[in-house]
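Residue numbers run from 1 in the order of the sequence given.
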Amino acid sequence: MKLAVLLLLLSCTAPAHADGSPAPEPMQRLGSGTMRWLGLRIYDAELWTSGRAADYSRSFALSLRYARALKGAAIAERSVEEIAKLGFGSPAQRASWDEAMRGLFPDVAEGDTLTGVHMPGRGARFFHNGRPLGEIEDAQFSRAFFAIWLDPRTSAPDLRAALLGER
C-alpha cells in the first residue's frame with residue numbers, strides 16, 4: 001500500500017509552479033491506526049503529509065484500507081453524518097456533498113484502498129486501489145471531509161492520535 005500511496009502523491013504534485021514558486025515537498029507517513037466499531041476492524045488508515053503535522057494549507061493524503069466489504073453509498077452516508085456531527089456545512093451543502101460522494105465512492109471489498117488527497121484551496125481528489133475516481137472541487141468540503149479524522153472533536157479520538165503520530 002505504501003508504494004501505491006507514494007505514486008498517487010507524486011502524481012498530484014507538479015515539479016514547479018508556473019509563477020516560479022517552489023514545488024510541493026515530498027510526503028511521508030505521519031501516522032497510522034485502525035478504525036474499529038463495536039470491536040470489529042473496519043479499516044486501517046495512514047496519514048501522509050509533507051510536514052510534521054496535518055496542515056490544511058498544504059496537501060496531505062489519507063489512505064483507508066478496508067477490512068470488510070462496504071457499499072459506497074454507506075461510506076458517503078456515514079461521512080455526511082460525521083461531518084454534520086462536527087457542525088460543518090449547511091444542510092444544503094451536506095446534501096450536495098453527499099450526492100458528490102455517492103457519485104465517486106465505489107463499493108469496496110476486503111483489502112481495497114480508498115485514498116483522499118486534500119488540495120489546499122481547491123478541494124479533494126480520490127483514488128480507489130490507486131486509480132483516480134475524481135475530484136470534489138470545493139475547499140469547504142475538503143476541510144469538512146478530512147475533519148472526520150483530524151478534528152479534535154472527531155468521534156474516533158484514538159485513531160486521530162495515531163494518525164497524527166501522537167501514539
Tell me, with the steps shown, if Phe145 and Met101 meet side-chain contact (heavy atoms from CB on, under 4.5 Å).
-> CA-CA 10 Å; Phe145 179 79; Met101 287 186 286; 4.0 Å; yes
Take Arg78 and Glu82 through the test salt bridge (Lys or Arg N to Asp or Glu O under 4.0 Å) and record every step on the way to the result.
-> CA-CA 6 Å; Arg78 181 66 181 175; Glu82 291 296 321; 2.9 Å; yes
Would you please test Arg65 and Glu46 for salt bridge (Lys or Arg N to Asp or Glu O under 4.0 Å) and show each step?
-> CA-CA 9 Å; Arg65 182 176 174 93; Glu46 293 182 331; over 6 Å; no
Is there a ring-ring contact (aromatic ring centres under 6.0 Å, His included) between Phe60 and Phe146 once you walk through the steps?
-> CA-CA 10 Å; Phe60 60 81; Phe146 291 105; 5.2 Å; yes
Could you go through the salt bridge (Lys or Arg N to Asp or Glu O under 4.0 Å) check for Arg125 and Glu135 one step at a time?
-> CA-CA 4 Å; Arg125 181 178 293 159; Glu135 296 181 19; 2.8 Å; yes
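Looking at Arg58 and His118, their side chains never come closer than 4.5 Å, going by heavy atoms from C-beta outward. Using a 4.5 Å heavy-atom threshold, the side chains of Val108 and Leu64 count as separate. Within the 4.5 Å cutoff, the side chain of Gln93 has no heavy atoms near those of the Phe88 side chain. Looking at Tyr66 and Ile75, their side chains come closer than 4.5 Å, going by heavy atoms from C-beta outward. The shortest side-chain heavy-atom distance between Tyr43 and Leu159 falls under the 4.5 Å cut-off. Using a 4.5 Å heavy-atom threshold, the side chains of Leu30 and Leu164 count as touching. Two residues are said to be in side-chain contact when any heavy atoms from C-beta on lie closer than 4.5 Å; Leu114 and Pro106 meet this criterion. Side-chain atoms of Phe126 and Phe105, non-hydrogen and from C-beta on, do get closer than 4.5 Å to each other.
Of all heavy-atom pairs spanning Ser79 and Ile148, the tightest one is O-CD1, 3.6 Å. Summarising the geometry of Ile83 relative to Ala144, their closest heavy-atom pair is CG1-O, 3.6 Å, with the distance given to 0.1 Å. Closest heavy-atom contact between Ile136 and Ala100: CD1-CB, 3.7 Å. The two atoms that bring Ala162 and Gly33 nearest to each other are CB-CA, 4.0 Å, heavy atoms only. Across all non-hydrogen atoms, the minimal contact from Thr115 to Ser63 is OG1-OG, 3.0 Å. Contact record, Phe141 with Ala124: CE2-CB, 4.1 Å, taken as the closest heavy-atom pair.
The local environment of NZ in Lys85 is crowded, with over 12 non-hydrogen atoms from other residues, nucleotides or ligands closer than 6.0 Å. Other residues, nucleotides and ligands place more than 12 heavy atoms under 6.0 Å from the CD atom of Glu81.
A donor-acceptor pair is defined here as one N or O able to donate and one able to accept, closer than 3.5 Å; such a pair exists between the side chain of Arg153 and the backbone of Leu86. Panel note: side chain Asp112, backbone Ala109; a donor-acceptor pair is recorded below 3.5 Å. A donor-acceptor pair is defined here as one N or O able to donate and one able to accept, closer than 3.5 Å; such a pair exists between the side chain of Arg160 and the backbone of Leu150. Checking side-chain atoms of Thr154 against main-chain N and O of Pro157 turns up no donor-acceptor pair under 3.5 Å. A side-chain donor-acceptor contact under 3.5 Å links Arg68 to the backbone of Arg41. For the pair Ser142 (side chain) and Gly123 (backbone), a donor-acceptor distance under 3.5 Å is present.
Within the model, atoms CG of Asp158 and CE of Met35 stand 10.5 Å from one another, a figure rounded to the nearest 0.5 Å. In this structure, Glu77 CD and Lys71 NZ are separated by 13.5 Å, a value rounded to the nearest 0.5 Å. With values rounded to the nearest 0.5 angstrom, Trp48 atom CH2 is found 15.0 Å from Ser59 atom OG. A distance of 11.0 Å separates OG1 in Thr34 from CD1 in Ile42, rounded to the nearest 0.5 Å.
The existence of a salt bridge linking Arg94 and Asp98 is excluded, since no basic side-chain nitrogen approaches an acidic carboxylate oxygen closer than 4.0 Å.
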